[in-house]
Amino acid sequence: MTVQFPFVTSAPGKVIIFGEHSAVYNRPAIAAALSLRTYLLVTKNDSDSEYISLEFPDINFRCRWKKTDLPFHTVSVNDAQHPQPPEELDPEMVNDLGPLLSAIDSPLHYGAAYAFLYLLVSLCSRSVPGGLTFAMRSTLPIGAGLGSSASMSVCLAAAFGYIGGHVKEATVCRDSKIAHDSEECTFIDQWAFMGEKCIHGNPSGIDNAVATHGGAVMFQRMGNSLPSVRTAMRNLPPMKLLLTNTKTPRRTATLVAGVSKLVTDYPKSTAHILDAMEAIAREAYNMMLRPFLDEEAKRKLLKMIRINHGLLVSLGVSHPNLERIKLYCDELSIGETKLTGAGGGGCAITLLRDNVKPEVFEKLNKEFAAHGFESFRATLGGKGAGILISNDETILERLTVENFINFRSRDEIEESVGCSEVEDWRYW
Ligand SMILES: Nc1ncnc2c1ncn2[C@@H]1O[C@H](COP(=O)(O)OP(=O)(O)O)[C@@H](O)[C@H]1O
Ligand SMILES: C[C@@](O)(CCOP(=O)(O)O)CC(=O)O
Ligand SMILES: [Mg+2]
């Protein structure tokens, strides 16, 4: 299989509707892909063939490594087989990557570089061409609970899987159905999970599953040695969701570690909290299987959002700014609010009641603007991992590192290379 450069891979972010954090403790959770996505451009420059470079302007980070310094010797290559991800990060590889990462002092940069190198060395052998540059841009807010880390890991796993010859070029075009499944998807999903491990230690796998397969899922991790269960929810009933970003930065790694400590220190009481979260996710799943929600179902779903948020508060993962959003939405009676993703800042979702008057939203937006919060309506259940390989001159002109670095807004990214704008995108 010949690899054609340049190419772009892409994957969506996600919204967890029920079950964040409890998902890490093998409880079911419900999440859907989001219309905001990450794009990874891969270009080849033959005059710079000793190096592999990354350009991650979203986090103000660029770095490059000599190809001969990469620890390819830690991977045993069997050309007849595609590499299988280990249960845990490989200790030898982790050890050998240490010196390549030691000069990086920001945890944001460190996590991104660690996932990048781990997946590069695992999926591309020594024969990886030198002179490659990987430029990443995201239309998602980063570190805000919408799964930017998983969409990044999926883009990396897909790109390295394609370069390493483990993932065939995708063929499914734009109009075919969402929540796609294939051998390639399974491979990308499993390796993206390793990327998530590099970034936040103990992921459940729900974010990479949604970013790979798209659509909406009920997901349950079954422990380290058993495969997770992923049930596609094909007809998510229409739900009016408002997403609000507190813009308060936080790291998933810190919040997941905080909950882990609480679960260790208070095993009995936290077990009840996690059980309650499981019950909510299961009840919500049964309700969300219906093609539409009657009044009674809507009322119940609103209450479940409220209960789930309360349980997350008790795990210590809310933040005063998330509570402010909840307070304003409660005061104006526009719906029920819960944090989404790891919490501690980042985003809240509000399930809106019907018939909220436009002037009420105006009032709410003024309150939010005064605090620097940003609200947007989300489209849920979009496409999963995709690849753009094109021979069209007008598209090729856009696929330059410089162009990727200089995009100034979400709209510019979407208009230039976006999945919703460019016809040539294909999905695995
Ligand atoms: N576009 C991007 N460019 C570079 N790194 C990214 C990008 N998106 C995500 N990351 C990595 O993922 C981390 C954020 O992951 P995380 O804390 O799990 O938050 P979330 O997944 O909710 O956005 C960042 O610190 C960075 O290391
Ligand atoms: C808290 C958790 O449930 C979701 C984290 O999502 P995010 O990184 O905040 O987008 C962790 C996980 O499931 O891996
Ligand atoms: Mg994340």
Side-chain angles (χ1 to χ4, degrees), residues 10-31 34 36-41 54-63 101 104 106-116 134-156 192-193 195-211 217 219-221 228 243 245-246 248-260 274 277 281 308 312 315-317 322 339-349 404-405 407 410 413:
S10 175
K14 57 85 230 236
V15 174
I16 298 184
I17 306 172
F18 294 101
E20 47 278 272
H21 287 289
S22 50
V24 174
Y25 298 90
N26 303 348
R27 314 302 171 115
I30 298 173
L34 193 58
L36 304 175
R37 306 180 66 97
T38 298
Y39 295 93
L40 174 69
L41 169 71
L54 63 76
E55 294 280 352
F56 289 177
D58 289 340
I59 57 166
N60 204 8
F61 179 47
R62 61 194 306 218
C63 201
L101 296 164
I104 302 173
S106 143
L108 264 73
H109 296 175
Y110 188 94
Y114 187 16
F116 176 87
F134 296 78
M136 174 124 49
R137 288 306 298 269
S138 196
T139 59
L140 284 158
I142 290 163
L146 302 183
S148 77
S149 61
S151 69
M152 164 178 132
S153 297
V154 170
C155 288
L156 291 172
F193 185 52
E196 278 280 82
K197 282 192 186 230
C198 295
I199 295 170
H200 74 76
N202 188 15
S204 65
I206 188 169
D207 290 8
N208 46 282
V210 174
V217 293
F219 177 95
Q220 188 167 12
R221 177 188 185 179
S228 302
L243 263 155
N245 189 354
T246 59
T248 305
R250 88 297 172 282
R251 281 177 61 230
T252 299
T254 321
L255 290 142
V256 168
V259 174
S260 167
L274 297 172
M277 287 176 163
N308 198 159
L312 287 161
L315 290 182
V317 294
L322 288 165
L339 68 86
T340 188
C347 289
I349 51 173
F404 262 58
I405 291 175
F407 286 136
R410 283 177 187 158
I413 300 174

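As the structure lists them, so they are numbered: ligands from 1, and atoms in each ligand from 1. Everything numeric in this text was worked out from a predicted model, so none of it was measured. Start at 1 with the first residue, then count along the sequence.
When only interatomic distances are considered, the shortest N/O to N/O separation between Ser148 and ligand 1 falls below 3.5 Å. When only interatomic distances are considered, the shortest N/O to N/O separation between Ser149 and ligand 2 does not fall below 3.5 Å. At a 3.5 angstrom cut-off on N or O pairs, Ile142 does not count as close to ligand 1. Residue-to-ligand polar distances keep Ala150 apart from ligand 1: every N/O pair is separated by 3.5 Å or more. Distances between N or O atoms of Gly145 and those of ligand 2 include at least one value under 3.5 Å. At under 3.5 Å, a nitrogen or oxygen of Asp58, whether backbone or side chain, sits near a nitrogen or oxygen of ligand 1. Residue Ile59 has no nitrogen or oxygen atom sitting less than 3.5 Å from a nitrogen or oxygen atom of ligand 1, judged on distance alone. Inclusion of Asn202 in the set of residues having an N or O under 3.5 Å from an N or O of ligand 2 is not warranted. Polar contact with ligand 2: present for Ala342 (N/O pair, distance under 3.5 Å). When only interatomic distances are considered, the shortest N/O to N/O separation between Ser148 and ligand 2 does not fall below 3.5 Å. An N or O contact shorter than 3.5 Å links Thr252 to ligand 1 by distance. Not one N or O of Arg251 is nearer than 3.5 Å to an N or O of ligand 1, by distance alone. Geometrically, ligand 2 and Ile206 share no nitrogen or oxygen pair separated by less than 3.5 Å. Polar contact with ligand 2: present for Asp207 (N/O pair, distance under 3.5 Å).
Aromatic ring orientation, His109 versus Phe61: parallel (interplanar angle below 30°, classes split at 30° and 60°).
Interface of Phe56 with ligand 1, defined as ligand atoms under 4.0 Å from a residue heavy atom, comprises 4 (C). Ligand-side atoms of ligand 2 in range of His200: 14 (O), range being under 4.0 angstrom from any heavy atom. Atoms of ligand 2 found under 4.0 Å from any heavy atom of Gly341, numbered from 1 in the order shown, are 6 (O), 9 (O). Which parts of ligand 1 touch Leu146 is read off a 4.0 Å heavy-atom cut-off, strictly below it: atoms 22 (O). In the vicinity of Ser138, heavy-atom distances shorter than 4.0 Å reach the ligand 1 atoms 1 (N). Listed by number with element, the atoms of ligand 1 under 4.0 Å from a non-hydrogen atom of Ala112 are 5 (N), 27 (O). Distances below 4.0 Å separate heavy atoms of Arg250 from the following atoms of ligand 1: 17 (O), 19 (O), 22 (O). Residue Glu20 approaches ligand 2 through these ligand atoms, each under 4.0 Å from one of its heavy atoms: 3 (O).
Of all the heavy atoms in Asp207 and Ala150, the pair that sits closest is CB-CB, 3.3 Å. In terms of heavy atoms, Ala31 sits closest to Ile206 at CB-CD1, 3.7 Å. Residue Ser148 comes nearest to Pro141 through the heavy atom pair CB-O, 4.0 Å, listed as atom of the first residue, atom of the second, then distance. Looking at every heavy atom in both residues, Leu34 comes nearest to Lys14 through CB-N, 4.0 Å. Ala211 approaches Ala11 most closely through the heavy-atom pair O-CB, 3.7 Å. Here the closest non-hydrogen pair linking Arg137 and Pro57 is CD-CG, 3.6 Å.
Here the heavy atom of the protein found nearest to atom 25 (O) of ligand 1 is Leu108 CG, 3.3 Å. Atom 14 (O) of ligand 2 has Ser204 N, 2.8 Å as its closest protein atom, hydrogens excluded (heavy atom only). When only non-hydrogen protein atoms are considered, atom 9 (O) of ligand 2 lies nearest to Arg250 NH2, 2.6 Å. Among all protein heavy atoms, the one lying closest to atom 8 (O) of ligand 2 is Thr252 OG1, 2.7 Å. Counting only heavy atoms of the protein, atom 2 (C) of ligand 2 lies nearest to His21 N, 3.9 Å. If you check which protein heavy atom lies closest to atom 15 (O) of ligand 1, you get Ser149 CB, 3.2 Å. Scanning the protein heavy atoms around atom 3 (N) of ligand 1, the nearest turns out to be Met136 CG, 3.8 Å.
Taking NE2 of His21 as the reference point, atom OG1 of Thr252 lies at 7.5 Å (rounded to 0.5 Å). In this structure, CG on Asn26 lies 8.0 Å from OG on Ser228, to the nearest 0.5 angstrom. To the nearest 0.5 Å, atom CG of residue Leu41 and atom OG of residue Ser10 are 12.0 Å apart. Rounding to the nearest 0.5 Å gives a distance of 8.0 Å between CZ of Phe116 and CE of Met136. The line from CG of Asn245 to OG1 of Thr340 is 11.5 Å long, rounded to the nearest 0.5 Å. Rounding to the nearest 0.5 Å gives a distance of 6.0 Å between CG of Leu274 and CG of Leu315.
The only member of Val259, Leu322, Val317 that meets side-chain contact (heavy atoms from CB on, under 4.5 Å) when paired with Leu312 is Val317. Test Leu40, Leu36, Thr38 against Ser138 for side-chain contact (heavy atoms from CB on, under 4.5 Å) and you get one pass: Thr38.
In terms of modelled atom types and a separation under 3.5 Å, the side chain of Glu20 and the main chain of Gly341 share a donor-acceptor contact.
Within the structure, the closest approach of Glu196 to ligand 1 does not fall below 4.0 Å when heavy atoms are considered. Ligand 2 has Ile16 within reach: a non-hydrogen atom of the residue lies less than 4.0 Å from it. The shortest separation from a heavy atom of Arg251 to ligand 2 is not under 4.0 Å, leaving the residue out of contact. The shell of residues lying under 4.0 angstrom from ligand 1, judged by heavy atoms, includes Gly145.
Residues Leu140 and Ser151 have side chains in contact (heavy-atom distance under 4.5 Å, counting atoms from C-beta outward).
Of the candidates Lys14, Met152, His109, the one placing a heavy atom closest to atom 10 (N) of ligand 1 is Met152. Comparing heavy-atom distances from atom 19 (O) of ligand 1 across Gly346, Pro57, Gly143 singles out Gly143 as nearest.
The part of Ala144 lying near ligand 1 is the backbone, judged by heavy-atom distances below 4.0 Å. Only the side chain of Val24 comes within contact range of ligand 2, with a heavy atom under 4.0 Å; no backbone atom does. Residue contacts with ligand 2, taken as heavy atom pairs separated by less than 4.0 Å, do not involve Glu196 at all. Under 4.0 Å from ligand 2, not a single heavy atom of Arg221 appears. In Leu140, neither the side chain nor the backbone holds a heavy atom less than 4.0 Å from any atom of ligand 1.
At least one N/O/S atom of Ser149, whether from backbone or side chain, sits less than 2.8 Å from the Mg ion (ligand 3).
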